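Quick caveat: nothing in here was measured; it's all calculated off a predicted structure. These values consider heavy atoms only, across backbone and side chains, with no hydrogens, waters or symmetry-generated copies.
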2 protein chains.
Amino acid sequence: MHFSSQATQDRPERTALGGLDAIAGTVSFPRNAEIHSQGGTARHCYRILSGCVRTVKLMEDGRRQVNEFLFPGDWFGFEAEGEFEFAAEAVGPVVLHRYPRPAFDALAAREPAAASWLLGLAAAQLRHARDRMVTLGRRTATERIAGFLSEMAARQPRESGSAVALPMSRGDIADHLGLTIETVCRTLAQMRRDGAIGLSRTSFTIRNRAALQALASATRH
Amino acid sequence: MHFSSQATQDRPERTALGGLDAIAGTVSFPRNAEIHSQGGTARHCYRILSGCVRTVKLMEDGRRQVNEFLFPGDWFGFEAEGEFEFAAEAVGPVVLHRYPRPAFDALAAREPAAASWLLGLAAAQLRHARDRMVTLGRRTATERIAGFLSEMAARQPRESGSAVALPMSRGDIADHLGLTIETVCRTLAQMRRDGAIGLSRTSFTIRNRAALQALASATRH
DNA sequence: CGGTCGGTTGAGCTAGATCAAATCCAGTGG
DNA sequence: CCACTGGATTTGATCTAGCTCAACCGACCG
């Protein structure tokens, strides 16, 4: 899978896209605050400075899909045209840079470097979204959870063997992976019993990377 | 859901992006031929002139995910960086315009209009991919099938009430919706029995649009 | 110290998968 | 034109991964 791109694509802002600094505003949100709503007018796009954001689609009857978890350096909201197709919510306290869409779009239209950087960003998110379709369409609960833990570990730079933060709730994880809270709990508990991971409410450690990888891509039958 | 964008975004080619014509080659593929392979070097991107293409991800053990079905006017392969993350295959006989990536990328880097058109294309596919995540993560088999039929009907311009082509096999549909062939068959048969659709192997007709819409977005419980 | 809100665990239940036959064509050859 | 053949589709019977319902736990908070 590909996760590398999102965390590293804030670079152009400091080089070819210096113009972005000029239009950025800094905003903060507390835990569970709505940064923008599903269906709301897309007036800004955002880059995360600190904290974790979830993007959420809600069905009329309350079923929920968490499209992605976003971390410092990640951008969101730039692909909306007119209105947001999903809500963005703060998982914990977050600080963001916020860019007004008119100025942002104008910069992309004017600066070829900005446009191509933005295209790369969209392409990376598209590739990531397609990986997730395989997960949601064809993987078992154990594979989904193991893959999710691996992704979290890969996206959080830290010394190997140390704890990986799980800032989001079990419900968020369930709605991200197309499972229920109970299945997430049970599967995590089983992995702990098997010695693959250490587990606490808000973090985990990889005890046996090979076992976790095996679970993430188990060949069926 | 959004499907409109893909079928209409060949327009700039005839206006601001006249340069694309100069680098296009025309190629044909027979039924089930591989247009490009998963993991192959991304030397071209493509636009469909006629026929239907499926983009496919294959897991090591043979589980398959059909990311999308593409129709005349749709583009694919432009978001690959280095190598393709999925294979593209001809559902039936297809004719394509093929664009060498170096020339294509150069045009996008040079022409702001080309870049912004391409960004719109990527953004549309991203929004579509995210709609599909809700389907794959949270919808029932009946909702998936009803939604799929509605999408096919919306994407194939034709006089209302006439038959909608289903050029792809039941297996393709199953792998697109994260179901099995048997579930696809049974669900379609049930909808026919309920009078919502007329059904043949390679097409269907909408007999009762309201009933189909209701099935596509049934409120659970 | 009691309340509340996540999280965990247990006991069935069911939508959809799996396994197993038919059946239906489309294409082929006579 | 018709019989034949192989893959695609349909239908039936059964199984099970993951869901639902329910109870309990435990950390944090005022």
Quick one: which of D:dG18, C:dG7, C:dT9 gets closest to the side chain of A:R170? C:dG7

Between A:T180 and D:dG18, does any side-chain N or O lie under 4.0 Å from OP1 or OP2? no

Tell me which nucleotide among C:dG16, D:dT11, C:dT8 gets nearest to the side chain of B:C185. D:dT11

Let me spell it out: for each of A:R138 and A:I181, pick the nucleotide of DNA chain C with the closest heavy atom. Which residue's pick is nearer the 5' end? A:I181

Between P of C:dG6 and CE of A:M168, the distance in whole Å: 16 Å

Starting from P on C:dC5, measure out to CG on A:D172 and report it in whole angstrom. 16 Å

Check the distance between C:dT8's C1' and A:Q190's CD and give it to me in whole angstrom. 14 Å

Taking only residues at least two apart or on different chains, which pairs with a member in residues 179-190 of chain B satisfy side chain to side chain donor-acceptor pair (under 3.5 Å)? B:T180-B:T183, B:Q190-B:R193, B:Q190-B:D194

No-H, no-angle donor-acceptor pair, B:R186 side chain to C:dT18 base, under 3.5 Å: yes

Could you state the atom-to-atom distance from CD1 of A:I173 to P of C:dG6 in whole Å? 14 Å

Whole angstrom is fine here: how far is it from CG in B:L199 over to C1' in C:dC24? 14 Å

Measure CG/B:L179 against P/C:dA15 and give the value in whole Å, please. 14 Å

Divergence of helical axes at both termini of the helix from C:dC1-D:dG30 to C:dG30-D:dC1 - five pairs an end, 10° steps: 40°

Please confirm whether the ring centroid of A:Y99 lies under 6.0 Å from the ring centroid of A:H44. no

On a heavy-atom basis, the closest approach of B:G77 and B:C45 is C-CB, 3.6 Å

How do A:R201 and B:E182 order along DNA chain D: which one's closest nucleotide is nearer the 5' end? B:E182

Rounded to the nearest angstrom, tell me the gap between atom CG in B:L188 and atom P in D:dA8. 17 Å

For A:R138, is there an ion pair with B:D175 - N to carboxylate O distance below 4.0 angstrom? yes

Sequence neighbours left out, what passes ring pair (Phe, Tyr, Trp, His ring centres under 6.0 Å) with A:H176? Give chain and number order. A:F69, A:F148

From CG of A:L215 over to P of D:dA17, roughly how many Å is that when rounded to an integer? 15 Å

Name the residue from B:L70, B:V27, B:T26, B:L49 that meets the side chain to side chain contact (heavy atoms under 4.5 Å, CB included) definition with B:L96. B:V27

Between B:E89 and B:R31, does at least one N-O distance fall below 4.0 Å, as a salt bridge requires? no

For the side chain of B:S169, counting heavy atoms from C-beta on, which of C:dT18, D:dT9, C:dT8 is nearest? D:dT9

